[in-house]
2 protein chains.
Amino acid sequence: MERIQRMTRQKKIILDILRSVKTHPTAEWIYQEARQQIPGLSLGTVYRNLNLLRDNGEIMELNYGSSQSHFDGTAANHYHFQCRECGGVYDLDLPLIKNIETKASGINGHQIDGHRLEFYGICEACLDRRRFEEND
Amino acid sequence: MERIQRMTRQKKIILDILRSVKTHPTAEWIYQEARQQIPGLSLGTVYRNLNLLRDNGEIMELNYGSSQSHFDGTAANHYHFQCRECGGVYDLDLPLIKNIETKASGINGHQIDGHRLEFYGICEACLDRRRFEEND
DNA sequence: TTAAATGCAAAAGGTTTGCTACTGC
DNA sequence: GCAGTAGCAAACCTTTTGCATTTAA
């Protein structure tokens, strides 16, 4: 019952861009990047491909705040940090907390099969900018 | 520089509803409930009040998935579980992980001041429904 | 009295979708 | 050849906002 996916030029470029950056960009940002390689690209195509790739387990969608989603080229679970000031999302190289899902499962009748841990604060770049602006 | 907030009838009812339920409803759900007490209530007012209450630290906004936000009458950090099937959000009575923010802070130059942990899976109600439907 | 909040409706912003043409496989 | 995809634009859905009016303190 699985749908067969085609590797179109558009999808390949979107995936390449996402895998080549360390940040976790929005669909709009990816669209602007990809358009440099495919001028006629449409934003709808970017969204459709990001959704296909996510459903296929090749990338991860991160939705923080209530605004736009960010996308992560690595699908395996890992933790993130989001800056309260600029909204940027960064990886956090903290080892996965083992057994946390098992521990949480014992508490009630829900069947737990995943978890997500995010940190918030001010990113290094915004901290630097603040220090710089203080010295006016 | 703090803005003075008034306790209007609308705001009080919205807060009362949110504090009286165990689930973490959406703005739309709260609107439908509150309208039974204030028929002329507008959805915009619900959103405005939820934002005011959140900014004031009286409630918490939870944004999972990319669709609607859920609201939690308890503002202090605690962990949640979201059902992949029905989208419902529940509290998870797991103690806060101590020092996790300190631990994460050492990794890079970001300044961390908060964290959020969510679990995913199938909720008890959906599990029950599945079992029931299997017995056709 | 008066600044804050309401109701209404319009607008905004991100994402999805219908449709026709095109293209991987 | 044909199902899956692209491009385009319109639709969708949640949330925000402008404005005239009302209301809490």
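Residue numbering restarts at 1 for every chain, and letters A, B, ... go by the order of the sequence lines.
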Under the ring pair (Phe, Tyr, Trp, His ring centres under 6.0 Å) test, residues paired with A:His80 that sit two or more places apart: A:His24, A:His78
For B:Arg48, all residues meeting side chain to side chain donor-acceptor pair (under 3.5 Å), sequence neighbours excluded: none
Set of ring pair (Phe, Tyr, Trp, His ring centres under 6.0 Å) partners for A:Tyr120, sequence neighbours left out: none
Qualifying side chain to side chain donor-acceptor pair (under 3.5 Å) pairs with a residue from residues 97-108 of chain B, counting only residues at least two apart or across chains: B:Glu101-B:His115
Interatomic distance, B:Arg6 CZ vs D:dT22 P [rounded to whole Å]: 15 Å
Nucleotide C:dT15, atom P - distance to CG of A:Asn49 in whole Å: 15 Å
N/O (side chain, A:Asn51) to phosphate O (OP1/OP2, C:dT15) under 4.0 Å: no
Side chain to side chain donor-acceptor pair (under 3.5 Å) partners of B:Arg84, counting only residues at least two apart: A:Asp113
d(CD, B:Gln5; C1', D:dA25) in whole Å: 14 Å
For B:Tyr47, the rest of its hydrophobic cluster, which grows through side-chain links under 4.5 angstrom: B:Ile13, B:Ile14, B:Leu15, B:Ile17, B:Leu18, B:Val21, B:Trp29, B:Ile30, B:Tyr31, B:Ile38, B:Leu41, B:Leu43, B:Val46, B:Leu50, B:Leu53, B:Ile59, B:Phe71
Contact check, side chains of A:Ile97 and B:Ile100, non-hydrogen atoms, under 4.5 Å: yes
Euclidean distance, atom CD1 of residue B:Ile4 to atom C1' of C:dT1 [Å, nearest integer]: 14 Å
Could you run down the sub-3.5 Å N/O contacts of the protein with nucleotides 17-21 of chain D?
residue	atom	partner	partner atom	Å
D:dG18	O6	B:Arg48	NH1	3.3

Distance, rounded to the nearest Å, where A:His70 contributes NE2 and C:dG14 contributes C1': 12 Å
Any A:Asn63 side-chain N or O less than 4.0 Å from OP1/OP2 of C:dG14: no
Between C:dA11 (P) and B:Leu43 (CG): distance, integer Å: 18 Å
Close approaches to DNA chain D from residues 8-33 of chain A, in residue order (heavy atom, under 4.0 Å): A:Thr8, A:Gln10, A:Lys11
Short side-chain N/O contact to C:dT15 OP1/OP2 from A:Ser69, under 4.0 Å: yes
ILVMFWY cluster membership beyond A:Leu52 - transitive side-chain contacts under 4.5 angstrom: none
Side-chain heavy-atom pair A:Glu58, A:Arg19 within 4.5 angstrom cut-off: yes
Degree of bending in the helix from C:dT1-D:dA25 to C:dC25-D:dG1 once both end axes are built from five pairs, to 10°: 50°
Rounded distance (Å) that lies between atom P of D:dA6 and atom CG of A:Leu53: 10 Å
A:Glu85: side chain to side chain donor-acceptor pair (under 3.5 Å) partners, not counting sequence neighbours: A:Arg129, A:Arg130
Value in whole Å for how far the C1' atom of C:dG14 lies from CD of A:Glu61: 11 Å
Of the listed nucleotides D:dG4, D:dG7, C:dC8, the one nearest the side chain of A:Ser42: D:dG7
Those residues that, when tested against B:His110, pass ring pair (Phe, Tyr, Trp, His ring centres under 6.0 Å) (two or more places apart): A:Phe81, A:Tyr90
Side-chain heavy-atom pair A:Arg35, A:Gln32 within 4.5 angstrom cut-off: yes
